[in-house]
Amino acid sequence: MFRPEDRMELLVYTSLDSNAPSSYEHPIWQKKLTYGDGPSNNIEYNYTFTAEESTALKSNQSLYVHAFLCRAGRHPDPASPAHTASGCVSTVHAFNRHIPRGRITHNRNLLAEEHVEISPEQLALEEAQSKELVSVLVPVMALTTVFDTATYTVGRMPPQVVGALKLRGTSYAPIFYVNEFWVTSDDLVPLNESTPDSVMQVRMSHNVQSPRTYQFLFSMLRSFEMQGAMMGMGESDIDSIKHMLKDTNPLLLGVTVLVTLLHSVFDFLAFKNDISFWKNNKNLEGLSVRSIFLNIGQNAIIFLYLLDSKETSTMILISNFVSLVIEVWKLKKAVILEVKWYGNLPYLTFKDRSTYSSRTKEHDVKAHRWLMITLVPLVIGYSIYSLIYESHKSWYSWILASLVGTVYTFGFIAMTPQLFINYKLKSVAHLPWKTFIYKFLNTIVDDFFAFIIKMPLLHRIACFRDDVVFVIFLVQWWIYPVDKTRANEFGQSFEEPEEEKKKEDSQPAPAATAAAAAAPAPAKATIAAAPSTATRRPASSSLQDVD
């Protein structure tokens, strides 16, 4: 409908009515443009709401922007003589949104504040109130024109533009819309009577966008909707992705996509090799069995904490539950489980397997004794700090939060018993190194994400905690010699032990033994009396000559 380099005019109005501006005479923003993708079309304008508009927004009403992109000399007012149906494109969008209020959390300092019992009726009322819609201001209004000169065939248009293109006879109007893809929850401003007038303003802008960029953003929004509906992706997850896309260098972002794919591959391979190792392993020598108990405890604590949190997505819960089940399965492979009864109450007993050597057990017990001496004071100290200085919903939440905080902060200590066993045995041949390598690569990927994805500083530092342990594992792998005569997790060895080699060398070949047994006594004497310088003939020929 428009041609490149056509002179255009941007006209922006406001109204409490979504159907039409309150007046076409006084636009809040008016700017002359040129139809094209030149940088002169990327402009900004800060608009401060009038007292009447601010009052309407604070009283939970909606205020709309009516934006028109018209060819020079045309006017959007239908009553104007300069108005034509093909002279302008328009878009209507609200300055504010209505979103659910959210759940009310009754966090309190368990020592300083008295406990107030909440009745079931009060909980039901709060649950209903959490679903009520409240008004929030979107302080960014990005008017966007898609500069598109392509020729489309009806019925064969890309699915991303089918609903947005407006056909005008044999031509089409350019896509003109408000782009809110980059708006996150952090940008929204709550609106109520106490909202200060200083925040009652909007940064408006006009930008030109290519068709490919528009189709990419459209596809991303549809993907977010599908992820939210099928996999429980929350608003915070979507905001993290937006921050990563917006605040990251494009080259680094491309590397991030590649690294994400590698992370998925390494994660799958680590999972596969870990299952394969414990499935085929018949010997527990050199392996820390007690670390499995510790891992089960850590995974159970994290799973209960995520279950207690109402904002955790279903996919994360499933992932953590599967990890917990795998650790329990590994325990079944590492020890003998027996169910016994104390009256009518069943309980489990654990018995070491015969392949769990006394030397390994001795080092394992010693390592975990020192681990408990180190870890228990840290748990107690962190719990006391959390009880005094932080707020919690209940004593149960405090216990979970304290345990989870300890796991996240000091969880890497659980890997140190295996380091101690390796040091005492001066060997690493008993470890599933394929699994360790894949997990180490995943740790490097997590470190990479720590610089890109928005997260608290403490959590960002915690991303680097496992690196130290993995580096020590690699150092041990380097300095301790590999016993190639030792069977790996699949029962295979690269070399035979020296004793078996000597035993095999001392035994005569089967063919020579059989020939010697079949030969008569004189033949032996004849062969023994032969000169040492003569060439020895085959046994069959010597026997034939004697006969």
Exercise. Is there side-chain contact between F176 and L10, with heavy atoms separated by less than 4.5 Å?
Worked result: yes
Taking C-beta and beyond as the side chain, do K31 and V12 meet within less than 4.5 Å on heavy atoms? no
(Q) Less than 3.5 Å apart, any donor N or O on the side chain of Y47 or E53 sitting next to an acceptor on the other? (A) yes
CG of L304 to CG of L403, rounded to nearest 0.5 Å, is 9.5 Å
- prompt: If we only count heavy atoms from C-beta on, is the R97 to V138 side-chain gap below 4.5 Å?
  reply: yes
Residues 295-304 vs salt bridge (charged side-chain N to carboxylate O under 4.0 Å, His left out), sequence neighbours excluded, gives none
Those residues at least two apart in sequence (or on a different chain) that pass side chain to side chain donor-acceptor pair (under 3.5 Å) with S171 are none
One should read off an interatomic distance between N42 CG and T145 OG1, to the nearest 0.5 angstrom, of 9.5 Å
Output yes when a side-chain donor or acceptor of T195 lies under 3.5 Å from a complementary backbone atom of N192, and no otherwise. yes
Side-chain touch V136/L191, heavy atoms, less than 4.5 angstrom | no
Q: I would like to know whether L137 and V202 meet side-chain contact (heavy atoms from CB on, under 4.5 Å); could you show each step before the answer?
A: CA-CA 9 Å; L137 175 67; V202 174; 4.3 Å; yes
**Study point:** Worked verdict on D6 versus T34 for side-chain contact (heavy atoms from CB on, under 4.5 Å)
**Key:** CA-CA 6 Å; D6 278 357; T34 301; over 6 Å; no
>> The test is side-chain contact (heavy atoms from CB on, under 4.5 Å); show your working for F2 and D148 and say whether it passes.
In response: CA-CA 10 Å; F2 301 143; D148 192 358; over 6 Å; no
Residue set satisfying side chain to side chain donor-acceptor pair (under 3.5 Å) with S23, at least two apart, ordered chain then number -> none
Tightest non-hydrogen contact, residues Y382 and S402, listed as CD2-O, 3.5 Å
Practice item. Return yes if some donor-acceptor pair links the side-chain N/O of H206 with the main-chain N/O of E44 below 3.5 Å, else return no. Key: no
Show the atom names and distances, to 0.1 Å, of all donor-acceptor pairs under 3.5 Å that link a side chain in residues 61-71 to residues at least two apart or in another chain.
residue	atom	partner	partner atom	Å
Q61	NE2	S59	OG	3.3
H66	NE2	D17	O	2.9
R71	NH2	M1	O	2.8

Query - Side chain proximity check, V140 to W182, heavy atoms < 4.5 angstrom - result: no
For Q209, the side chain to side chain contact (heavy atoms under 4.5 Å, CB included) test, sequence neighbours excluded, returns T144, V146, Y177, N179, T213, Y214, L217
Closest non-hydrogen atoms of L324 and A300, given as atom of the first, atom of the second and distance, are CD1-N, 3.9 Å
Heavy-atom side-chain proximity of M204 to I28 below 4.5 angstrom
yes
Keeping the roles fixed (side chain from N41, backbone from N207), state whether a donor-acceptor pair exists under 3.5 Å.
no
Sorted by chain and number, sequence neighbours left out, ring pair (Phe, Tyr, Trp, His ring centres under 6.0 Å) with F216 holds for none
Residue pairs meeting side chain to side chain donor-acceptor pair (under 3.5 Å), one or both in residues 77-96, sequence neighbours left out, come to H93-E180, N96-S135
For F95, the ring pair (Phe, Tyr, Trp, His ring centres under 6.0 Å) test, sequence neighbours excluded, returns F49
Taking every heavy atom of M157 against every heavy atom of V161, the minimum-distance pair comes out as CB-CG2, 4.4 Å
Taking every heavy atom of Y35 against every heavy atom of P174, the minimum-distance pair comes out as OH-CB, 3.6 Å
Of all heavy-atom pairs linking M141 and A94, the shortest is CE-O, 4.0 Å
Sorted by chain and number, sequence neighbours left out, side chain to side chain donor-acceptor pair (under 3.5 Å) with Y24 holds for none
Exercise for review: Could you label the plane-to-plane angle of the W398 and W395 rings as parallel, tilted or perpendicular, counting under 30° as parallel and over 60° as perpendicular?
Suggested key: perpendicular
Ring pair (Phe, Tyr, Trp, His ring centres under 6.0 Å) filter on F293, not counting sequence neighbours, yields F350
For A56 and L16, the nearest pair of non-hydrogen atoms, with its separation, is CB-CD2, 3.8 Å
Applying salt bridge (charged side-chain N to carboxylate O under 4.0 Å, His left out) to K58 and not counting sequence neighbours gives D197
| said: I'd like to check Y385 versus E390 (side-chain heavy atoms, cut-off strictly below 4.5 Å). Are they in contact? | reply: yes
* To do: Could you walk me through whether M200 and T48 pass side-chain contact (heavy atoms from CB on, under 4.5 Å), step by step?
  => CA-CA 6 Å; M200 299 302 294; T48 301; 5.8 Å; no
Taken to the nearest 0.5 Å, the spacing of H98 NE2 from L133 CG works out to 7.0 Å
Residue set satisfying side chain to side chain donor-acceptor pair (under 3.5 Å) with D187, at least two apart, ordered chain then number -> T184
Handout entry: Ring-face cation of K242 near F181 (centre distance under 6.0 Å, axis angle within 45°)
Key = yes
